[in-house]
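I have placed the structure first, in the form of structure tokens, so that the comments after it can refer back to it.
Chain A is the first sequence line, chain B the second, and so forth, proteins listed ahead of strands; every chain is numbered from 1. Hydrogens, waters and symmetry mates are skipped; everything else that's a heavy atom, side chains included, is used.
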4 protein chains.
Amino acid sequence: MPTAQQPSTGRRRNPATRAAILGTAFDVVAELGYARLTIEKVAAQAGVGKQTIYRWWPNKGALVLDAVLERSLGAGEPGDLPDSGDLEDDLTAVLVATVEEFADPAFDRALRGLTAAIIEDPELSQVYRERLDEPMRDLKRRRLRRAQEAGQLDADVDLDLAVDLIFAPVTRRWTERSGDLSPEGVRAIVRGALRGLAGSV
Amino acid sequence: MPTAQQPSTGRRRNPATRAAILGTAFDVVAELGYARLTIEKVAAQAGVGKQTIYRWWPNKGALVLDAVLERSLGAGEPGDLPDSGDLEDDLTAVLVATVEEFADPAFDRALRGLTAAIIEDPELSQVYRERLDEPMRDLKRRRLRRAQEAGQLDADVDLDLAVDLIFAPVTRRWTERSGDLSPEGVRAIVRGALRGLAGSV
Amino acid sequence: MPTAQQPSTGRRRNPATRAAILGTAFDVVAELGYARLTIEKVAAQAGVGKQTIYRWWPNKGALVLDAVLERSLGAGEPGDLPDSGDLEDDLTAVLVATVEEFADPAFDRALRGLTAAIIEDPELSQVYRERLDEPMRDLKRRRLRRAQEAGQLDADVDLDLAVDLIFAPVTRRWTERSGDLSPEGVRAIVRGALRGLAGSV
Amino acid sequence: MPTAQQPSTGRRRNPATRAAILGTAFDVVAELGYARLTIEKVAAQAGVGKQTIYRWWPNKGALVLDAVLERSLGAGEPGDLPDSGDLEDDLTAVLVATVEEFADPAFDRALRGLTAAIIEDPELSQVYRERLDEPMRDLKRRRLRRAQEAGQLDADVDLDLAVDLIFAPVTRRWTERSGDLSPEGVRAIVRGALRGLAGSV
DNA sequence: GCGTAACCGAGACGGTACGTCAAGTCTTTGC
DNA sequence: GCAAAGACTTGACGTACCGTCTCGGTTACGC
């Protein structure tokens, strides 16, 4: 893990090696999925000794999480969610962009692998939450708070509930490979979450 | 798979063996999770030859799916969802019951294992949908249709969308181990889905 | 084994089945050798249940021995060795015929398989001696005895010793795949055995 | 195999491991015979991973051959055959010593196993010839050549033929477990080979 | 001519071993 | 002292056969 304190002496960690390992790990999980990814394959393909991987990552899960993080956040901190004034449009745009990412087979498989690992491994899921999920939720909550201030959202609605109502249905359709993930289907989810199912009752 | 037509001759499949394998598979996945479940371990613990497992199930995923199905639907076909006339109460009750199942560590781990397998394996996910997910969705859609007939739900709302809006948030909180899964939290999800986030807009 | 006494009642053994099994066993050992011959393969290839083989033969070795016997002695009891009056010629002819049998790849492999089994299995080697080796040695001893009577062989030489001196070198060259097995080489063995190595000493 | 050139880097092969494997392999083949020797058993009994065996030996045969070689030639290169001046005595002594080795049940079973393997496997038989059989034949030929020089053996007799005539009968009696292997029986073979069967003809 | 005993094809079953793959650790060498 | 190469133990993989055991069906006596 990158939190390791700098040692006082000796050769320093080679950043190029780290990058090669993470890049290869992403490629492998994208090609073979998580279950069939092996440390050995990553090491060989990255031109690196197995020990070099074991020195820095405790297991497959941590490695893949880092690999996906590196690739996702690679370009730097993600900016805020769009704010055109029209909440439904903005949320739909974000979700459509997410669905489009899923359409890339490499990203799809990598993310499925990571998600599968997270479901079973509590420690990994905590790291995932802290480093990927919470930052993203924060952006979402910020956008929704502005919507509340603009009177487009109930002032007393719990923002975590709101995020789940809006985003969880898409995730569910993706993980289980069933349900409408077209732009129209996604917009219907947003509209449903905002207006409610019970109509003018 | 049980759909295989009876061969004209030869020794017949032993149902006790099948039951022992599925029971043991459930126990093992409940104890160790999916990743550390091993066909070898199941065979040994069930007092069964490995080949007997490989003869009838193509891989870990299929085995675990059958094991969970057997345990879940063991008692027979699940009846309809409750219908007290109050939709919010009924849906909350169903979700609270689901959450309570998750609270059983054995069931929790078994279901996590199955879910992880499904995310990565398209074939398995199809079988899962056909044999577990779709039947359950059907019950949910039936209850919601009655609510439409009673005027408690918009007549033109898509029922699959409705099911996702109501049930996906709970699933998300469970898989990622974050978010409020208390009865109150669950009721808030139902209420949010029914009334919408945007209030009287 | 065929010596089993006939039971008083019940269906009798099907000779066609026996023949099919032995024929297939020979083919398989001729193609794959003894080590890779499998009861299962023989059963499948002969269109026969495994149990039918196990009912009549206790193990691979017995089966292969019977198969080779059936094929070797198939046409009936082998007649006497040739007796033209010239001992060297006659013995050379017999050995050349033997070498020619070895040249048939199927027979070669089958016999190698049987021989390998015999070397390791004392029981099998006893059956082999009684049913194949001793009858053949008897023919050889008979020919040599006539040679003694004709004054072509020392009267006081032990006939078993004589048989071994004449025939063992060829067998050795075959099993170890080294040494001259041409007609000339074989004749040299016979001549050497008859005249001795020490010349006129 | 020892011919592998040393790589420039990496952990070196552990000679103690090699010795443990070969020693155990010999013990196992001596106890159970070749057919029932199992790589798995050797690995377990030698306290070694299976992979370590498969890394260095391609199959059972090669392993057993090496094991027998190691045990036979363990003490170093075998010296020349005895040369007392009396050829019959010397050859008889060598053969009697061989027969005495066969009397050790462990060596007997180990050698039977190896021999069985060699009969069926051409590649193995070649290695056997090069590393065990040819060196021994060479010693024998050398002794016989000295006998020729001393006028005790025909000058024009082929030495390979001579070796086969003298030694093959003993081997045959051993492999087929029939025939006289007593010191007298062995001396009779030597005498027969030297003097010939046809007497003063 | 019917029962019953043995034969037969088929194939499930509990097992053992196969030969391969990968995990994670350790050792050696080179930079 | 990091990194590579690679030997090592461990253990699971999925396959192939083992030898035993039903199962349903079929002869073929012998009462």
Side-chain angles (χ1 to χ4, degrees), chain A residues 7-14 16-17 36-44 46-56 58-60, chain B residues 6-14 16-18 21 36-41 43-44 46-56 58-60, chain C residues 6-14 16-18 20-21 36-44 46-56 58-60, chain D residues 6-14 16-18 36-44 46-56 58-60:
Chain A
S8 58
T9 178
R11 186 174 175 178
R12 298 306 156 74
R13 183 173 187 183
N14 183 351
T17 299
R36 273 160 33 209
L37 170 144
T38 68
I39 299 282
E40 207 140 279
K41 207 165 282 168
V42 173
V48 140
K50 273 199 293 181
Q51 198 56 45
T52 306
I53 297 183
Y54 281 113
R55 214 188 321 269
W56 299 106
N59 49 51
K60 282 211 304 193
Chain B
Q6 213 51 279
S8 59
T9 179
R11 187 177 179 177
R12 300 308 157 75
R13 183 172 187 183
N14 184 351
T17 299
R18 192 190 116 97
I21 291 169
R36 273 159 36 208
L37 172 144
T38 272
I39 299 281
E40 211 139 284
K41 206 167 283 166
V48 140
K50 271 202 296 180
Q51 195 55 43
T52 304
I53 298 184
Y54 283 112
R55 200 174 353 251
W56 300 106
N59 49 52
K60 280 212 303 192
Chain C
Q6 211 54 276
S8 58
T9 180
R11 185 182 182 175
R12 299 308 159 76
R13 183 173 187 184
N14 183 350
T17 300
R18 191 190 116 97
I21 290 168
R36 273 160 36 208
L37 173 143
T38 272
I39 299 282
E40 206 139 284
K41 209 166 280 168
V42 173
V48 140
K50 276 201 291 179
Q51 193 64 262
T52 304
I53 297 184
Y54 282 112
R55 206 182 339 256
W56 300 107
N59 49 52
K60 280 213 300 191
Chain D
Q6 211 54 278
S8 59
T9 182
R11 185 180 182 175
R12 299 307 159 74
R13 183 173 187 182
N14 184 349
T17 300
R18 191 191 116 96
R36 271 158 39 207
L37 172 144
T38 274
I39 299 281
E40 208 138 294
K41 207 167 283 167
V42 173
V48 140
K50 271 199 297 178
Q51 197 54 50
T52 304
I53 297 184
Y54 282 112
R55 211 191 323 273
W56 300 107
N59 48 52
K60 280 210 307 190

**Request:** Take C/A44 and A/L37, find for each the nucleotide of DNA chain E with the closest heavy atom, and name the residue whose nucleotide sits nearer the 5' end.
**Result:** C/A44

**Prompt:** In terms of the nearest nucleotide of DNA chain F, which residue is placed more toward the 5' end: C/K60 or D/N14?
**Reply:** D/N14

**Asked** Is the shortest side-chain N/O distance from C/W56 to OP1 or OP2 of E/dC8 below 4.0 Å?
**Response** yes

**Asked** Which heavy-atom pair separates C/A20 from C/A46 by the least distance, and what is that distance?
**Response** O-CB, 4.0 Å

**Asked** Between the base of E/dC26 and the side chain of A/Q51, is there a donor-acceptor distance below 3.5 Å?
**Response** yes

**Complete:** note: B/Y54, atom OH; E/dG15, atom P; distance rounded to Å ~ 17 Å

**Item:** Residue whose closest nucleotide on DNA chain F lies nearer the 5' end, A/V48 versus D/T17
**Value:** A/V48

**Message:** Strictly below 4.0 Å: does D/R12 bring a side-chain N or O up to OP1 or OP2 of E/dT29?
**Reply:** yes

**Prompt:** If every non-hydrogen atom of D/R36 is compared with every non-hydrogen atom of D/K41, which pair is closest and at what distance?
**Reply:** O-NZ, 4.1 Å

**Asked** Counting only distance, no hydrogens or angles, is the base of E/dC7 paired donor-acceptor with the side chain of C/R13 under 3.5 Å?
**Response** no

**Prompt:** Where the side chain of B/E40 is concerned, which of E/dG24, E/dA17, F/dA12 is the nearest nucleotide?
**Reply:** F/dA12

**Message:** Quick check: closest heavy atoms across D/A43 and D/G49, and the distance to 0.1 Å?
**Reply:** CB-C, 4.1 Å

**C/I21 versus C/V42, closest heavy-atom pair with distance** = O-CG1, 4.0 Å

**Prompt:** Which whole-number value in Å describes the distance from B/R11 CZ to E/dG11 C1'?
**Reply:** 9 Å

**Request:** Would you please confirm or rule out a distance under 4.0 Å between OP1 or OP2 of E/dG9 and any side-chain N or O of C/T52?
**Result:** yes

**Asked** Side-chain N or O of A/R55 less than 4.0 angstrom from OP1 or OP2 on F/dA3?
**Response** yes

**Message:** From CZ of B/R18 over to P of E/dC13, roughly how many Å is that when rounded to an integer?
**Reply:** 11 Å

**Request:** Answer yes or no on whether C/R18 is positioned over the face of C/W56, meaning its NZ or CZ is under 6.0 Å from the six-membered ring centre and within 45° of the axis.
**Result:** no

**Asked** With no angle test and no hydrogens, is the base of F/dG19 tied to the side chain of C/K50 by a donor-acceptor pair under 3.5 Å?
**Response** yes

**Message:** Rounded to whole Å, how long is the line connecting atom CD1 of A/I53 with atom C1' of F/dA5?
**Reply:** 14 Å

